[in-house]
Amino acid sequence: MKISASHARRYKEICLLLLKYGRSDLVSAIDIDAALGGEQLPTTSPAAAPPDQLADDLEAMGPTYIKLGQILSSRPDLLPEPYLKALARLQDDVKPFEYAAVEEIVTSELGVRISKAFSSFDQQPIAAASLGQVHRAALRDGRRVVVKVQRPDIAKQVADDFEVLAQIAEFIDAHTEFGRRYRLLDMLEEFRMALKHELDYEREARNLIAVGANLQEFTLIDVPQPVPDYSSRRVLTMDFVKGRKITSIGPLARLEIEGAALAEQLFRAYLKQVLVDGLFHADPHPGNVFLTDDGHVALLDLGMVGQTTPRMRENLLKVLLAASDGKGDDVADVLVVMSERDERFDGPLFRRGIAQLVVRMQDTGLKQMNVGAMLLRMHRTASESGLYVPSELTLLGKTLLQLDEVGKILDPAFEPNAAIRRAAADIMTRSIQRDVTNTHLLTSALEMKHFIGGLPARLNKLMDAATNADLEMRIRIVDADVMVEGFQKVANRIASGIILAALIVGAALLMRVETSFRIFGYPGLAMLCFLAAAAGGCWLLVSIVVQDQKRRRKAGSVWH
């Protein structure tokens, strides 16, 4: 495997990072020789670095790893609590890039100088993230907007980083139990696709429009709308939201807002997005949620969204309802139906793990329960049992985990579990209404027309076949060869028993025939029949015992 010098440098950085935080087991699975040309790395780390350093290390490695750190900060199923807290800093505290690059990108993308397109444009960004930064501006008509500008050459850098990460994940999946359990390559591919979509600001503009339309009924929730003529793949212009980050709200400010109403409506809005609309804002961390000056909640940064199919929405609703009611067995049943199993899958172990998890979460009480954390722990339990749940469940768990944090800031007494039960009936009604659309009814009508139109012809064929004795039934029996072999063994044993019985009866009749040929003083022919019957009986008995023992040993090996 030939690797470029830049990729080799990344290999080394990632390996040293893993060693620094005590994962020498993963480094041992990576093809270091191929990557580094024989350069030796330490095989163990003397002492794992403190979690607080992880955010700094990822930030030093570049935007891709900053984004990776942001995602890992909301994955308690993958990292311990101290690391989650340390990585939370990356959500809204990233160094900005220079204004000269901003001016060049905006001019190139919009085809006009900033001074011509905007009446004002602040050189200092009001926010900086891993993939871009946001500047305050105003259009020529006076409309106040913000302009989101992508970091220079970020797309190429992300592509290069993922090429290295994919090779490393492939090594780890192939050679470690950790990789086989969590399928790092699949997780990485989902992350790559999410980043690819997030780098497309035109797609984000469409998301803003779609989610804004879906949430119009929620009067306390705002979604800033884009300005299409001032947006492109790398530049996004949208409404300016006057407010502050949800994390900046103090105890006194909380008294001035309707925290309970905001938290309830925000949670209902997300349940509607996930379980009815099938399109939801998948990154509601506190840095992306604003409290506006008029007391509303504004959802920002819709680059990362999740999508769910109708069948997936139905299964997710079943999981949420069963979990909120403490029905661990029902949760396990739904997860098994919606997931992929491998040869390691242990059904009883998985069901016990899910039941214990649901019971533990119920014991914590409604106020302390975190539905998102529970869904992520379900993902971990499933992975350890050889069950691979859909990525939509993991994304929903991550979203609800972040949403729970926002809800607790707005209303410390907010109970997401109770909110799910309160919204269940409304969600079910909306789901049914969404399915019963004009298009769906027309499709069903066409299918019914086709069925009814073809029914007379099918009945005529069936009746003609029955009348002419041409009707045949084909039954497919699973493991038919095994069943036939078993029947043959039974038939052979019955035939052997009949032959032995015939020998004994024949010998008894020959006892009355006088002959000069004798054995032990008895007619010789009769004794030969008796001896043959005795030998055959012993052979039949021994074969039965031996075969039964083989079958028991085989069944025992399969069980273990």
Side-chain angles (χ1 to χ4, degrees), residues 134 139 141 143-148 194 197-233 235-243 246 261-285 288-314 316-317 392 395-396 399-400 402-403 406-407 419 423 425-442:
V134 179
L139 300 180
D141 60 2
R143 180 180 175 184
R144 300 176 66 190
V145 295
V146 292
V147 182
K148 184 176 178 181
H197 293 160
E198 201 166 349
L199 287 170
D200 184 356
Y201 287 175
E202 292 176 338
R203 183 187 183 93
E204 182 175 350
R206 294 193 296 270
N207 294 337
L208 288 168
I209 295 172
V211 174
N214 291 337
L215 299 185
Q216 279 185 344
E217 65 186 86
F218 297 96
T219 57
L220 298 178
I221 297 177
D222 297 335
V223 180
Q225 293 301 290
V227 184
D229 293 339
Y230 288 78
S231 301
S232 69
R233 192 173 182 86
V235 174
L236 175 61
T237 303
M238 54 188 156
D239 294 334
F240 172 70
V241 176
K242 189 176 181 181
I246 204 89
L262 287 173
E264 178 75 16
Q265 197 165 118
L266 183 63
F267 204 80
R268 281 179 173 267
Y270 268 86
L271 289 178
K272 179 180 182 293
Q273 289 180 71
V274 175
L275 302 175
V276 179
D277 301 329
L279 177 71
F280 61 97
H281 181 209
D283 197 21
H285 65 74
N288 283 340
V289 180
F290 265 41
L291 182 67
T292 65
D293 289 352
D294 56 356
H296 292 188
V297 169
L299 302 179
L300 309 179
D301 192 2
L302 266 74
M304 183 181 293
V305 297
Q307 293 179 304
T308 52
T309 63
R311 178 61 61 84
M312 182 59 61
R313 293 198 290 270
E314 181 181 336
L316 291 176
L317 179 59
E392 289 88 348
L395 188 59
L396 174 61
T399 302
L400 292 180
Q402 294 172 327
L403 192 63
V406 174
D426 182 53
I427 294 297
M428 288 287 291
T429 303
R430 289 173 179 270
S431 298
I432 294 172
Q433 289 175 345
R434 185 179 179 88
D435 290 339
V436 185
T437 60
N438 291 334
T439 303
H440 186 269
L441 291 175
L442 288 174

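All heavy atoms count here, side chains included; hydrogens, waters and symmetry mates do not. All of these numbers come straight from a predicted model, not from anything done at the bench.
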Asks: Please list, chain by chain and in numerical order, all residues satisfying side chain to side chain donor-acceptor pair (under 3.5 Å) with Ser232, sequence neighbours excluded.
Replies: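 With sequence neighbours excluded, Ser232 shows a side chain to side chain donor-acceptor pair (under 3.5 Å) to Glu109, given in chain and number order.
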Asks: Restricting to side-chain contact (heavy atoms from CB on, under 4.5 Å), what partner residues turn up for Ala261, sequence neighbours left out?
Replies: Leu220, Glu258
Asks: I'd like to check the side-chain contact (heavy atoms from CB on, under 4.5 Å) partners of Asp293; sequence neighbours left out, ordered by chain and number.
Replies: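 Here the qualifying residues are Lys242.
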Asks: Let me know which of Asn214, Val211, Leu279 forms a side-chain contact (heavy atoms from CB on, under 4.5 Å) with Gln273.
Replies: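 Exactly one pass, corresponding to Val211.
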Asks: Mind checking whether Leu403 and Phe267 have side chains closer than 4.5 Å, heavy atoms only?
Replies: yes
Asks: State which residues pass ring-ring contact (aromatic ring centres under 6.0 Å, His included) with Phe290; sequence neighbours excluded, sorted by chain then number.
Replies: none
Asks: How many angstroms lie between CG in Leu271 and CG in Leu316, if you round to the nearest 0.5 Å?
Replies: 11.0 Å
Asks: Could you report the tightest heavy-atom contact between Leu299 and Pro224, atom names first, then the distance?
Replies: O-CD, 3.3 Å
Asks: As a quick check of understanding, evaluate side-chain contact (heavy atoms from CB on, under 4.5 Å) for Glu198 and Asp301, giving each step before the final call.
Replies: CA-CA 9 Å; Glu198 201 166 349; Asp301 192 2; 4.1 Å; yes
Asks: Is any side-chain heavy atom of Arg143 closer than 4.5 Å to a side-chain heavy atom of Asp239?
Replies: yes
Asks: In Å, rounded to the nearest 0.5 Å, how long is the span from CD1 of Ile246 to CG of Leu262?
Replies: 7.5 Å
Asks: Show me the pairs that pass side chain to side chain donor-acceptor pair (under 3.5 Å) and involve residues 201-211, at least two apart or across chains.
Replies: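 Sorted result for residues 201-211: Lys148-Glu204.
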Asks: Can you check whether Val289 reaches Gln402 side chain to side chain, under 4.5 Å on heavy atoms?
Replies: no
Asks: CD1/Ile221 to NE2/His281 distance, rounded to the nearest 0.5 angstrom?
Replies: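 It comes to 12.0 Å.
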Asks: Under a 4.5 Å cut-off applied to non-hydrogen side-chain atoms, are Thr308 and Leu395 in contact?
Replies: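 Of all side-chain heavy-atom pairs linking Leu395 with Thr308, none is under 4.5 Å.
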Asks: Restricting to non-hydrogen atoms, name the atom on Pro226 and the atom on Ala205 that form the minimum distance, rounded to 0.1 Å.
Replies: CG-O, 3.7 Å
Asks: Would you mind listing every salt bridge (Lys or Arg N to Asp or Glu O under 4.0 Å) that reaches into residues 219-231, with sequence neighbours excluded?
Replies: none
Asks: Return the set of residues passing side chain to side chain donor-acceptor pair (under 3.5 Å) with Thr292 (not counting sequence neighbours), or none when no residue passes.
Replies: Asp294
Asks: Glu264: which residues meet the side chain to side chain donor-acceptor pair (under 3.5 Å) condition with it, sequence neighbours left out?
Replies: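 Once residues adjacent in sequence are excluded, the partners of Glu264 under the side chain to side chain donor-acceptor pair (under 3.5 Å) criterion are Arg268, Arg422.
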Asks: Quick one: list whatever passes salt bridge (Lys or Arg N to Asp or Glu O under 4.0 Å) with Asp200, sequence neighbours left out.
Replies: Arg233
Asks: Taking the side chain as everything from C-beta on, heavy atoms only, tell me whether Leu300 gets closer than 4.5 Å to Val134.
Replies: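 They are not in contact (no side-chain heavy atoms under 4.5 Å apart), so the answer is no.
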Asks: Could you check whether any side-chain heavy atom of Arg313 comes within less than 4.5 Å of a side-chain heavy atom of Val274, counting everything from C-beta outward?
Replies: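 Of all side-chain heavy-atom pairs linking Val274 with Arg313, none is under 4.5 Å.
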Asks: With a 4.5 Å limit on heavy-atom distance, are the side chains of Val406 and Val297 in contact?
Replies: no
Asks: Return the set of residues passing side chain to side chain donor-acceptor pair (under 3.5 Å) with Arg144 (not counting sequence neighbours), or none when no residue passes.
Replies: none
Asks: For the pair Gln265 and Thr219, evaluate side-chain contact (heavy atoms from CB on, under 4.5 Å) and give the outcome as yes or no after the intermediate values.
Replies: CA-CA 9 Å; Gln265 197 165 118; Thr219 57; 4.0 Å; yes
Asks: Are the side chains of Val223 and Phe218 in touch, meaning some heavy atoms are under 4.5 Å apart?
Replies: no
Asks: Do side-chain atoms of Asp283 reach the backbone of Met304 as a donor and acceptor pair under 3.5 angstrom?
Replies: no
Asks: Holding to ring-ring contact (aromatic ring centres under 6.0 Å, His included), I want the full list of residues that pass it with Phe280, two or more places apart in sequence or in another chain.
Replies: none
